[in-house]
There are 2 protein chains.
Amino acid sequence: MILKSQVEWALHCCAILAGLPDGRYLSTKALAEFHGLPKEYLSKALQGLSQAGLVDTSLGPSGGYRLAKPPAELTFLEIVEAVEGRQRTFVCTNIRANNPCRPKDHCESSPCAVARIMWEADEAWRAKLRGVKLSDLVGILSQEVAPELWKSSFEWVLERAG
Amino acid sequence: MILKSQVEWALHCCAILAGLPDGRYLSTKALAEFHGLPKEYLSKALQGLSQAGLVDTSLGPSGGYRLAKPPAELTFLEIVEAVEGRQRTFVCTNIRANNPCRPKDHCESSPCAVARIMWEADEAWRAKLRGVKLSDLVGILSQEVAPELWKSSFEWVLERAG
DNA sequence: TAAATAAGGATATCCTTTGTCCTTGATAGG
DNA sequence: CCTATCAAGGACAAAGGATATCCTTATTTA
Ligand code: SF4
Ligand code: SF4
């Protein structure tokens, strides 16, 4: 069970978009080039962000993506779910229904304890991601990334932001 | 990102094995029949439990599986990891290394903030599973499963336990 | 008008999961 | 000792999802 690599891509892209000046857009092409990713496939991840309403888009030259809300209001969970989907990581195939001792008319209405426990763990994972804002990430990165690299990356992006 | 169905199978099988009298074994055949699962494929999941040291095995007629330790000392996490593996759900492909602004001699030693945050969420999931014992599950099931079904299932198992 | 862009459909490739089949070596019971 | 039964595991096939590419369409900006 491994998350799609698109999750990593989307998070990185959002971190970049968070540094974009108001009203400007950054294209898929620029984001793909900056991260060394296949443009067409990265596009699918960005479309996921768009469909989830996390980013705004603009067409034509100088078009691209920008965040739909401030980084402080955008959580990791939203980004992860936009790309990875909202389905729980544990799915019940209801194998208890195959119990040979089970009467024909027997019908369990609610999910069994196994599923509930696994779903609680799933929710703990989501709660952790829900508690981290995109602005938190930017704050950490701004402290950890080497200043000259931080600056040159910012300028690289600005040159290409429409 | 969805857990293997074998995780559900292994948890159910452990719950059954937890009710086995001391010193007796239950075969793959019986476990597969009880849950309505393909015997050969369920065998792979049970081999995972065996390799992780969670169950003891015995060969020959009246052989099979039994728990290697009391249900109160067996956690959900152990069972899940025995089948699903211990790899983290978020893997870093280090796309930051593709940054065109990155100097040739630049070398990030430690994982970046994105990975650390995702790994913290992963650990929250594991911590939740680590906190649930197999005995907890048996306790809940013994209260929730209809008494007559519980009893007949127990007898069904006992008839086939070697 | 022309170039650039997002959106998305179609398709191909690779890998994981799921599932089956068979062999091997060990063991209990007769 | 003999035989049926068992776990272990290798080989292999089918199905589905992830990854990746290519192309078309509608839209917008310069
Ligand atoms: S364990 Fe939960 S999920 Fe699996 S069958 Fe029983 S109820 Fe369904
Ligand atoms: S985000 Fe974390 S995982 Fe992804 S590249 Fe940067 S460091 Fe590696």
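Protein chains get the first letters and strands the later ones, always in sequence-line order, with residue 1 at the start of each. Reckoned from all heavy atoms, side chains included, excluding hydrogens, waters and symmetry mates.
In this entry the distance linking OH of B:Tyr25 with C1' of D:dA8 reads 16 Å, nearest Å. Atom P of nucleotide D:dT5 and atom NZ of B:Lys29 are separated by 7 Å, given to the nearest angstrom. Straight-line distance from the CG atom of B:Leu46 to the P atom of D:dA8: 8 Å, rounded to whole Å. Taking atom NZ on A:Lys4 and atom P on C:dC15, their separation rounds to 18 Å, with Å as the unit. Protein atom CG of A:Leu26 is 14 Å distant from nucleotide atom C1' of C:dA4, rounded to whole Å. Per the geometry, NZ belonging to B:Lys39 stands 7 Å off P belonging to D:dC6, to the nearest Å. Rounded to a whole Å, the OH atom of B:Tyr41 is 16 Å from the P atom of D:dG10. One atom, CG of A:Leu42, and another, P of D:dT21, lie 12 Å apart when rounded to the nearest Å.
Nucleic acid contact class of A:Tyr65 (heavy atoms, under 4.0 Å, all strands): sugar-phosphate only.
Residues B:Asn94 and B:Arg96 have side chains that bring a donor and an acceptor to within less than 3.5 angstrom of each other. Under the 3.5 Å distance criterion, with hydrogens and angles disregarded, a donor-acceptor pair is assigned to the side chains of B:Gln47 and B:Ser43.
At least one donor-acceptor pair under 3.5 Å links the side chain of B:Glu84 to the backbone N or O of A:Met1. For B:Glu8 (side chain) and A:Thr93 (main-chain N/O), a donor-acceptor pair under 3.5 Å exists by modelled atom type. Between the B:Arg160 side chain and the B:Ser27 main chain, no donor and acceptor come within less than 3.5 Å of each other. Formation of a donor-acceptor pair under 3.5 Å by the A:Ser142 side chain with backbone atoms of A:Gly139 is found in this model.
Checked against C:dA6, D:dT19, D:dC6, the side chain of A:Thr57 finds its nearest nucleotide in C:dA6.
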Below 3.5 Å between N/O atoms, which protein atoms pair up with nucleotides 23-30 of chain C? Just atom names and distances, please.
none

Protein-nucleotides 8-10 of chain C N/O pairs closer than 3.5 Å?
{"from": "C:dG8", "atom 1": "OP2", "to": "A:Gln51", "atom 2": "NE2", "distance (Å)": "2.9"}
{"from": "C:dG8", "atom 1": "N7", "to": "A:Gln47", "atom 2": "NE2", "distance (Å)": "3.3"}
{"from": "C:dG9", "atom 1": "O6", "to": "A:Lys44", "atom 2": "NZ", "distance (Å)": "2.9"}

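Side-chain N/O atoms of A:Ser27 include none lying less than 4.0 angstrom from OP1 or OP2 on C:dA4. Look at B:Thr28 and you won't find any side-chain N or O under 4.0 angstrom from OP1 or OP2 of D:dC6.
Between B:Glu78 and the options B:Lys69, B:Lys133, B:Arg130, a side chain to side chain donor-acceptor pair (under 3.5 Å) holds for only B:Lys69.
Expressed to the nearest 0.5 Å, how far OH of A:Tyr65 lies from CG of A:Leu31 amounts to 9.0 Å.
In this structure, A:Tyr25 shares a hydrophobic cluster with no other residue, the cluster being traced through Ile, Leu, Val, Met, Phe, Trp and Tyr side chains under 4.5 angstrom apart.
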